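For reference, the structure is listed below as structure tokens.
Please read all numbers here as calculations on a predicted model, not as lab measurements. Letters go in sequence order (proteins before strands), and every chain restarts at 1.
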Amino acid sequence: MTVRTRFAPSPTGYLHLGGLRTALYTYLYARKSGGNFILRIEDTDQEREIPGAVDKIYESMKQAGLSYDEGPDVGGDYGPYIQSQRKSMYLPYAKQLVETGHAYYCFCTKEKLDADREKAEKEGRAYKYEKDCMHLSKEEIEEKLAAGIPYVIRQNIPTEGKAGFDDVLYGRVEVDCSTLDDNVLIKADGLPTYNFANVIDDHTMGITHVMRGTEYLSSAPKYNLLYEAFGWQPPMYVHLPPVMREDYRRDKMTKEIIPDENGNPELIVRKLSKRYGDPSFEDLLDAGYLKDAVINFIALLGWSPRGEREFFSLKELEEIFDLEGISKAPSLFDMKKLAWFNAEYVKKLSPEEYMPIAEKWLRKAIDTEKFDVKRICELLQPRTEVFSQLPEMVDFLAEMPEFESDLYTHKKMKTNPEVALDALVKIKPVLEAIEDWSEAALHDAVMNAVAEFGMKNGQMLWPLRIAISGKANTPGGAFEIAYLLGKDETLKRLNSSIERLKA
RNA sequence: GACCUCUUGGUCAAGUGGUUAAGACAUCGCCCUUUCACGGCGGUAACACGGGUUCGAAUCCCGUAGAGGUCGCCA
């Protein structure tokens with residue numbers, strides 16, 4: 001049997017990282033099994049649909065490198081791949097269930113249902129639809145239908161017995177039917193709900209493995225009842241735990257931190273969500289994360305290859321991915337580890353690959369025409385964690401920042417403003433005398449002078465770097481910075497720093 | 001509240017009855033060094049709790065606690 005998996009997002013926004021991981025695992029499993037990976041758009045809720053979201057999904061899938069064999073924009077033998085375009089397919093199946101007693105027409109108004117729900121809540125019990133309309137006679141139903149009264153079709157869940165399903169990860173999951181509600185299958189607008197569409201589509205598209213979030217774990221028994229009612233073979237289910245994030249408890253609307261009873265911020269774990277500002281896949285790419293690093297990191301968040309190796313390309317993942325390595329517990333998204341992964345991937349880039357990416361970011365801070373960008377990139381590459389940090393790492397090259405003279409104080413280097421002034425005054429003529437302004441020449445001239453003066457390296461080099469950069473940390477030491485700035489600018493900065501120390 | 005699920009260091013995680021309970025990130029310390037970083041070396045740190053079963057339990061069973069999910073004409 002050929003494995004067929006599907007990623008079925010609804011077009012309600014961007015591809016969040018949890019969604020990306022689901023898509024990735026679904027893709028990897030299909031590839032590993034030599035099967036097909038299908039993209040299906042679940043847009044049965046026209047009210048929530050966001051214009052352009054479908055294109056964003058295509059774009060993100062493309063950027064992530066998750067190519068699908070069938071989908072709305074690539075075609076396939078099981079189309080259409082957009083649920084709203086399959087609208088006419090669902091009602092006949094629903095009617096079939098009505099015929100066999102597994103579903104029924106319901107004419108209850110939204111107002112009635114809301115009132116019932118409210119009442120249930122007041123009484124502190126779980127709301128459940130009480131099958132009011134199931135007892136309508138065939139004549140009554142015909143009459144109402146003929147009169148054009150809006151209706152929905154509900155699943156008729158048995159009042160007793162158990163319902164369950166088998167999950168690859170969780171094993172057999174079973175619940176009492178009495179705890180299940182008669183879900184709406186076909187909405188008043190004629191479109192199916194997710195509860196119905198996923199079953200019909202997965203079956204008619206020949207999906208063999210359904211991978212989705214654990215939020216569907218509690219409704220899966222109902223779906224299995226549907227498969228049974230149709231006499232269909234249910235797919236293999238693989239429910240994936242969510243990706244979480246640690247954060248302070250915040251107000252849903254204002255995003256402000258809600259303190260606990262003692263007035264302290266309360267640390268909680270919640271699902272990754274755009275609403276609270278968590279980054280989407282695209283956000284990460286825009287912020288200067290490498291696609292491969294993100295994929296690698298996400299793959300390992302909730303799945304383990306059970307070895308010590310942790311760097312994998314998408315191709316390699318396609319070969320070694322397996323369902324057994326997926327963990328059942330939710331995992332926390334750790335920005336620091338992602339940053340580390342990214343730094344490692346950046347280091348592996350060839351200089352030719354690194355430079356164009358870096359240059360784009362450098363331009364935000366400096367005029368790249370005026371500097372030896374190649375040299376800057378050499379210095380920057382081993383220090384790049386995320387590309388978006390680059391501008392602030394080089395901004396001092398464009399303009400000398402204001403700084404406090406206590407920057408000259410460094411315990412280990414045995415320097416302070418007085419030592420610095422002395423060193424700077426002494427080194428000034430040495431620098432002025434250098435004709436060939438290269439790092440090597442700078443190095444030789446200064447080091448010779450230091451030896452001559454009988455100083456420690458740090459007592460000269462630390463102040464010099466501070467005097468011309470104005471920053472405690474720079475990508476490179478005094479010689480590299482001086483070289484990058486050029487002789488004129490270096491001496492100009494040196495002079496002004498000396499004057500400031502004298503004042 | 002009801003139902004479902006989960007629980008190894010701060011985080012990601014290996015581990016499937018007998019291990020000194022891996023590894024990675026983070027953190028701390030040391031070395032390298034003209035800063036930071038890179039690199040190297042080392043340290044701190046975990047089986048949620050309580051009962052069983054067993055010669056022996058992180059691993060099996062039962063409770064408890066905590067966490068997550070669901071309870072929509074949303075997916």
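- Scanning atom types as modelled, one donor and one acceptor separated by under 3.5 angstrom connect the side chain of R383(A) and the base of rC36(B).
- Annotation: F333(A) is not in aromatic contact with H16(A) [ring centroid separation under 6.0 Å not met].
- Taking the C1' atoms as reference points, rC47(B) lies 10 Å from rU7(B), given to the whole Å.
- At a cut-off of 3.5 angstrom, counting only N and O atoms as typed in the model, there is a donor on one side and an acceptor on the other between the side-chain of K412(A) and the base of rU33(B).
- Using a 4.0 Å heavy-atom distance criterion, Y127(A) is classed as a sugar-phosphate-only contact.
- Heavy-atom nearest nucleotides on RNA chain B were determined for I186(A) and for R21(A), and the one closer to the 5' end corresponds to R21(A).
- The NZ-P distance, from K119(A) to rG1(B), rounds to 22 Å in whole Å.
- Taking atom C1' on both nucleotides, rC28(B) is separated from rA48(B) by 27 Å, rounded to a whole Å.
- In this model, no donor atom of one side chain and acceptor atom of the other lie less than 3.5 Å apart for D247(A) and Y276(A).
- Each of E47(A) and D334(A) was assigned the nucleotide of RNA chain B with the nearest heavy atom; the assignment lying further toward the 5' end belongs to D334(A).
- The only member of Q155(A), K131(A), R154(A) that meets side-chain hydrogen bond (donor to acceptor under 3.5 Å, both in side chains) when paired with D182(A) is K131(A).
- Side-chain to base pairing of K337(A) with rA26(B): no donor and acceptor N or O lie closer than 3.5 Å to each other.
- Taking the side chain of M413(A) as heavy atoms from C-beta on, and the options rC73(B), rU35(B), rG68(B), the nearest nucleotide is rU35(B).
- The base of rU35(B) sits with one of its N or O atoms less than 3.5 Å from a complementary donor or acceptor on the side chain of R465(A).
- Residue-level contact check: D181(A) touches neither bases nor backbone, having no heavy atom under 4.0 Å from any strand.
- Classification of E439(A) and R375(A) as a salt-bridged pair holds, one side-chain N sitting under 4.0 Å from a carboxylate O.
- Which of rC74(B), rU34(B), rG39(B) sits closest to the side chain of R48(A) comes down to rC74(B).
- Separating the P atom of rC32(B) from that of rC41(B) is a span of 15 Å, rounded to the nearest Å.
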